[in-house]
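Structure, as structure tokens:
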Amino acid sequence: MTRIPNTQSAVSYAYTIKINGVAVGTLQGFNPTSNRMLERVREIMNEEDDIFEIVPGRSEFSITIDRLETYDTAMMKALGYGTLLTIDQIQTPFEIVEQLTGPLGQTRVIAYQKCWIQNISKTVREGTTTVSETVTIWPERIVPVNPGP
């Protein structure tokens, strides 16, 4: 007989990504990343422990979005740019809002402000009719948002 676990944890939630206030359709992946450079300060002639200290640098943020392309909505259109052909044509940054709603109604909202597209790519799989697109975005600022009552 299988026993049902007695736990307060739940992994089911609703996830919404909005760009400039408009919900983006189905995404295959939304991957925010934060990296920080670290500098090793070394001590000369110390053979046992040559690292004196590690000095942290500034953080770098990026977001990678993966999406299956549909015939009528390519990635650039889903991002709100209509028929743009290249990222060179983008002249203004945009905002991404990530909203996570848990099973009990609790909400966490994060705003990624002044975002610029750094890279966009398309992959066509041999033997299938699926086309996937990946875009790498650099936000200038990340801000937690109070969702209100």
Side-chain angles (χ1 to χ4, degrees), residues 7-44 46 49-149:
T7 180
Q8 297 296 315
S9 298
V11 294
S12 177
Y13 52 84
Y15 209 84
T16 304
I17 302 296
K18 293 182 181 179
I19 295 180
N20 288 335
V22 178
V24 176
T26 304
L27 299 176
Q28 305 316 113
F30 180 80
N31 312 297
T33 303
S34 176
N35 295 308
R36 179 169 64 175
M37 295 296 298
L38 299 174
E39 176 83 26
R40 294 178 193 267
V41 178
R42 299 188 183 272
E43 194 171 40
I44 298 174
N46 183 345
D49 187 18
D50 71 334
I51 298 173
F52 181 71
E53 67 178 323
I54 295 178
V55 179
R58 303 289 304 258
S59 294
E60 297 289 336
F61 304 101
S62 67
I63 301 167
T64 303
I65 298 174
D66 301 308
R67 184 176 187 277
L68 290 178
E69 182 182 68
T70 60
Y71 183 76
D72 60 345
T73 308
M75 179 68 86
M76 294 297 273
K77 188 173 180 182
L79 294 176
Y81 289 110
T83 58
L84 293 181
L85 298 176
T86 69
I87 57 178
D88 292 339
Q89 296 171 297
I90 299 171
Q91 300 297 317
T92 57
F94 56 93
E95 180 174 276
I96 297 175
V97 175
E98 172 186 14
Q99 180 176 328
L100 179 75
T101 304
L104 302 176
Q106 67 277 30
T107 303
R108 183 180 70 205
V109 179
I110 300 171
Y112 301 90
Q113 299 174 339
K114 295 187 178 180
C115 296
W116 290 93
I117 295 175
Q118 189 263 337
N119 180 306
I120 189 165
S121 64
K122 182 183 290 195
T123 303
V124 180
R125 303 269 183 228
E126 180 184 359
T128 68
T129 57
T130 59
V131 177
S132 61
E133 294 177 291
T134 302
V135 64
T136 302
I137 298 167
W138 286 13
E140 187 174 301
R141 189 170 292 110
I142 300 174
V143 179
V145 178
N146 183 357

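- At least one side-chain heavy atom of Val109 sits less than 4.5 Å from a side-chain heavy atom of Val97.
- When side chains are defined from C-beta on, Thr123 does not count as touching Thr134, because their heavy atoms never get closer than 4.5 Å.
- Between Ile96 and Phe30 there is a side-chain heavy-atom pair separated by less than 4.5 Å.
- By the side-chain contact (heavy atoms from CB on, under 4.5 Å) test, Arg58 is found to be paired with no residue, residues two or more places apart in sequence or in another chain being considered.
- Rounding to the nearest 0.5 angstrom, the gap separating the CZ atom in Arg40 from the CD1 atom in Ile54 is 5.0 Å.
- Nearest heavy-atom pair across Pro139 and Ile63 is CG-CD1, 4.3 Å.
- The CD atom of Glu140 sits 4.5 Å away from the NZ atom of Lys114 when rounded to the nearest 0.5 Å.
- If you take CG on Asn35 and OG on Ser62, they are separated by 6.5 Å, rounding to the nearest 0.5 Å.
- Among residues two or more places apart in sequence or in another chain, the salt bridge (Lys or Arg N to Asp or Glu O under 4.0 Å) test is passed with Lys122 by Glu69.
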Item to check | side chain to side chain contact (heavy atoms under 4.5 Å, CB included) evaluation trace for Asp66 with Asn31 | outcome: CA-CA 9 Å; Asp66 301 308; Asn31 312 297; 3.5 Å; yes
Item to check | Chi angles and distances behind the side chain to side chain contact (heavy atoms under 4.5 Å, CB included) call for Gln99, Thr107 | outcome: CA-CA 7 Å; Gln99 180 176 328; Thr107 303; 3.7 Å; yes
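- Ile137 pairs in a side chain to side chain contact (heavy atoms under 4.5 Å, CB included) with only one of the listed residues (Asn119, Ile65, Thr64), which is Ile65.
- Taking a 6.0 Å sphere around CD of Glu39, one finds it holds 12 or fewer heavy atoms contributed by other residues, nucleotides or ligands.
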Checklist entry - Given the rule in the side-chain hydrogen bond (donor to acceptor under 3.5 Å, both in side chains) test, do Tyr112 and Glu98 qualify, once you have shown the distances and angles that lead to the verdict? => result CA-CA 8 Å; Tyr112 301 90; Glu98 172 186 14; 2.6 Å; yes
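- Using a 4.5 Å cut-off on side-chain heavy atoms (C-beta onward), Glu95 and Ile19 make no contact.
- Within the 4.5 Å cutoff, side-chain heavy atoms of Ile17 are placed close to those of Leu27.
- Using a 4.5 Å heavy-atom threshold, the side chains of Glu133 and Val135 count as separate.
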Next on the checklist: Run the side chain to side chain contact (heavy atoms under 4.5 Å, CB included) test on Ile90 and Ile117 for me, step by step, so that the C-alpha distance in whole Å, both residues' side-chain angles and the decisive distance to 0.1 Å come before the verdict.
Outcome noted: CA-CA 8 Å; Ile90 299 171; Ile117 295 175; 3.6 Å; yes
Checklist entry - Between Ile87 and Gln89, does a side chain to side chain contact (heavy atoms under 4.5 Å, CB included) hold up when you go through it step by step? => result CA-CA 5 Å; Ile87 57 178; Gln89 296 171 297; over 6 Å; no
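- In the displayed structure, Glu60 atom CD is contacted under 6.0 Å by at most 12 heavy atoms of other residues, nucleotides or ligands.
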